[in-house]
Amino acid sequence: MRLRIIRRRRAALLAAACVAVLATVAVVADRWVARTAAQRLSDRLACAAGLDRPPTVDLGGFPVLPGVLTGELGRVSVRAADVTRGDVRAAEVDAELSQVRLPGEQPARVGALDLRIRVGFDALPGTVGERPVQYRGVGGLLAVETTAPMAGQQLPVTVLARPAIDAGRLTVTPTEIEVLGMRRPAGAKLVERLTGGRDLSRPLPALPAGLSWQGVDVADDGLRLRLTGHDLTLPGGGDGRHAGTCGGN
């Protein structure tokens with residue numbers, strides 16, 4: 001009787017050990033597949049967007065293996081730094097992709113995309129109308145700080161402006177001007193005097209079909225631009241900076 005109990009205990013321990021080993025192998029295999037698939041998607045994204053280095057890709061939590069085997073991923077997070085497009089230099093780019101499909105050697109497809117871009121103040125023009133300027137965020141407005149001759153001396157002047165996106169351009173509309181702590185509405189003549197008549201607007205990079213600019217906000221560390229997209233296909237040829245195609249190996 002005692003021997004039978006011992007044998008049962010040994011069998012139970014052996015079964016538990018086997019389950020533990022199999023679970024460990026499954027987790028290790030899933031993480032390896034997740035890293036491999038993330039690197040593959042990262043390379044495709046870098047090629048399609050013409051990035052100098054691949055972005056960081058996170059395929060989410062455990063398990064990832066079933067989605068990779070079927071070519072269907074639920075949600076994917078992507079992050080890139082120091083990205084330049086046209087006149088826009090982004091310090092950070094964060095994207096959330098959903099309904100991502102990786103059909104073998106074919107171009108990857110994305111059901112929905114939410115992209116947020118941070119443009120640091122240091123990436124904005126350092127001069128406006130030949131006046132040196134600095135930037136900061138004040139209550140959701142863009143504060144453009146400079147100096148101007150007034151009453152026979154150079155006084156600090158702050159132009160408070162509201163950025164917006166209109167017809168593919170980043171527009172900056174002055175709303176108030178602050179001198180010696182006193183604010184007043186930004187009159188056209190005073191704004192022209194401070195800016196030298198230069199338009200503060202800037203063109204934004206052209207977007208592929210399916211993508212659209214949604215808006216811009218002012219934060220403490222720069223401008224935050226947002227765009228969204230639906231039913232996207234990663235192009236196969238990149239932007240010309242990479243040889244080959246982006247759809248497969």
Side-chain angles (χ1 to χ4, degrees), residues 45-46 48-52 55 78-97 110 112-148 157-178 183 185-230 232 235 239-241:
L45 291 170
L51 302 179
D52 293 327
V78 180
R79 167 168 287 193
D82 298 326
V83 178
T84 300
R85 279 293 174 274
D87 293 335
V88 178
R89 178 165 58 89
E92 293 177 346
V93 177
D94 289 285
E96 290 291 332
L97 292 70
V110 178
L113 168 70
D114 190 339
L115 185 66
R116 298 177 186 273
I117 303 170
R118 181 174 71 84
V119 178
F121 292 134
D122 60 339
L124 300 180
T127 59
V128 175
E130 298 184 357
R131 295 182 185 277
V133 296
Q134 292 183 325
Y135 305 89
R136 60 188 176 93
V138 178
L141 296 176
L142 178 64
V144 185
E145 300 176 332
T146 186
T147 60
V157 177
T158 300
V159 179
L160 298 172
R162 189 176 302 279
I165 294 178
D166 181 32
R169 292 181 64 84
L170 175 63
T171 64
V172 180
T173 304
T175 59
E176 292 182 298
I177 293 179
E178 181 179 303
R183 290 189 185 183
K189 290 185 178 180
L190 183 54
V191 170
E192 183 176 359
R193 176 184 171 189
L194 292 173
T195 62
R198 293 189 58 183
D199 185 4
L200 299 180
S201 302
R202 291 289 183 273
L204 292 171
L207 298 177
L211 290 175
S212 59
W213 294 105
Q214 297 299 316
V216 57
D217 296 311
V218 181
D220 292 337
D221 55 356
L223 301 181
R224 304 288 181 121
L225 293 85
R226 179 173 178 253
L227 59 86
T228 58
H230 299 278
L232 307 171
D239 71 341
R241 283 192 272 173

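Worth saying up front: this structure is predicted, and the values here are computed from it rather than measured. Residue indices begin at 1 and follow the sequence shown.
Here Glu145 pairs with Arg136 under the side chain to side chain donor-acceptor pair (under 3.5 Å) rule; sequence neighbours left out. With sequence neighbours left out, the side-chain contact (heavy atoms from CB on, under 4.5 Å) criterion links Ala91 to Arg118.
Using a 4.5 Å heavy-atom cutoff, the side chains of Thr228 and Leu115 are not in contact. Between Val144 and Leu142 the shortest side-chain heavy-atom distance falls below 4.5 Å. Arg183 is listed as a side-chain neighbour of Leu160, based on a closest heavy-atom distance under 4.5 Å. A 4.5 Å side-chain heavy-atom check between Leu225 and Val119 finds at least one atom pair inside the cut-off. In this structure, the side chains of Arg202 and Pro125 come closer than 4.5 Å at one or more pairs of heavy atoms. At a threshold of 4.5 Å between non-hydrogen side-chain atoms, the residues Leu227 and Ile117 count as touching.
A donor-acceptor pair is defined here as one N or O able to donate and one able to accept, closer than 3.5 Å; such a pair exists between the side chain of Thr171 and the backbone of Ala164.
Note that CG of Leu170 is 9.0 Å distant from CH2 of Trp213, once rounded to the nearest 0.5 Å. The structure places CZ of Arg116 at 13.0 Å from CD of Glu92, a figure rounded to the nearest 0.5 Å.
In plain terms, the two heavy atoms of Ala123 and Arg89 that are nearest each other are CA-NH2, 3.4 Å. Minimum interatomic distance between Val218 and Gly137 (heavy atoms only, all atoms of both residues): CG1-CA, 3.6 Å.
The residues Arg79 and Asp94 are annotated as salt-bridged, a charged nitrogen and a carboxylate oxygen being separated by less than 4.0 angstrom.
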Exercise for review: Please report the C-alpha distance between Leu124 and Leu223 in whole Å, then the side-chain angles of each, then the deciding distance to 0.1 Å, and finally whether the side chain to side chain contact (heavy atoms under 4.5 Å, CB included) criterion is met.
Suggested key: CA-CA 10 Å; Leu124 300 180; Leu223 301 181; 4.2 Å; yes
**Study point:** Verdict with supporting geometry, Thr147 and Val157, side chain to side chain contact (heavy atoms under 4.5 Å, CB included)
**Key:** CA-CA 5 Å; Thr147 60; Val157 177; over 6 Å; no
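For the side chain to side chain contact (heavy atoms under 4.5 Å, CB included) criterion with Leu141, the lone passing option out of Thr158, Val159, Thr175 is Thr175.
Sorted by first then second residue, the side-chain hydrogen bond (donor to acceptor under 3.5 Å, both in side chains) pairs that include residues 217-227, not counting sequence neighbours, are Asp114-Arg226, Asp221-Arg224.
In the displayed structure, Gln134 atom CD is contacted under 6.0 Å by at most 12 heavy atoms of other residues, nucleotides or ligands.
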